[in-house]
Amino acid sequence: MEFNSSKQQRQAKSRLNRLVPTDVEQLISLLKHNEYNAYLRVIAANQGIATDQLSKFIKSNNHHNASQYLNEMLIPLGFVIAKFRTDKPSVSWRWYLMEVKRALQLGIDKRLRLKIFCLLEAANDQ
């Protein structure tokens, strides 16, 4: 896309900024019609929720697939569902909804880190 003036550039940037959420509430609102929106609401309200506790709020037998699906949409928007192991191997993983920048600083799983880089690179190519 080519711009004829700096005004057109500012207008395009303004439209883009309106599409990119700046906080979790905006993100949830943006994705309110998504079938997995309940995950966003529950994790945002209960940061660090254990996998087994999710079932108290959301009826599903595969929370992992839901997080995979959501991360495909969240990462290009600057957010991610990150899961961290607890100190005890027998305890469930802890789930967090956070900005991608923060997740990368916290030592997330290598596969999620790779997914983030791939999705962000693909988004930059478009």
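Just so you know, residue 1 is the first one in the sequence shown, and it goes up from there.
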Qualifying side chain to side chain donor-acceptor pair (under 3.5 Å) pairs, either residue in residues 101-118, two or more places apart: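 Of all non-adjacent pairs touching residues 101-118, those that pass side chain to side chain donor-acceptor pair (under 3.5 Å) are Gln68-Lys115, Glu72-Lys115, Asp109-Arg111.
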Ile81 CD1 to Leu70 CG distance, which is reported to the nearest 0.5 Å: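 Rounded to the nearest 0.5 Å, the CD1-CG separation comes to 4.5 Å.
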Contacts of type ring-ring contact (aromatic ring centres under 6.0 Å, His included), residue Phe84, not counting sequence neighbours: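 By the ring-ring contact (aromatic ring centres under 6.0 Å, His included) rule, Phe84 matches Tyr96.
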Side-chain (Glu99) to main-chain (Gly78) donor-acceptor, under 3.5 angstrom: no
Heavy-atom donor-acceptor pair, Asn46 side chain to Val42 backbone, under 3.5 Å: yes
Trace of the side-chain contact (heavy atoms from CB on, under 4.5 Å) decision for Tyr39 with Ser60: CA-CA 11 Å; Tyr39 279 94; Ser60 173; 3.4 Å; yes
Positive for side-chain contact (heavy atoms from CB on, under 4.5 Å) with Leu74, one of Ile116, Leu27, Leu119: Leu27
Taking only residues two or more places apart in sequence or in another chain, which ones pass side chain to side chain donor-acceptor pair (under 3.5 Å) with [X]?
X	result
Asn65	none
Gln53	none
Asp52	Ser92
Trp95	Thr51

Where Asn71 and Pro76 come nearest, the two heavy atoms and their spacing: O-CD, 4.2 Å
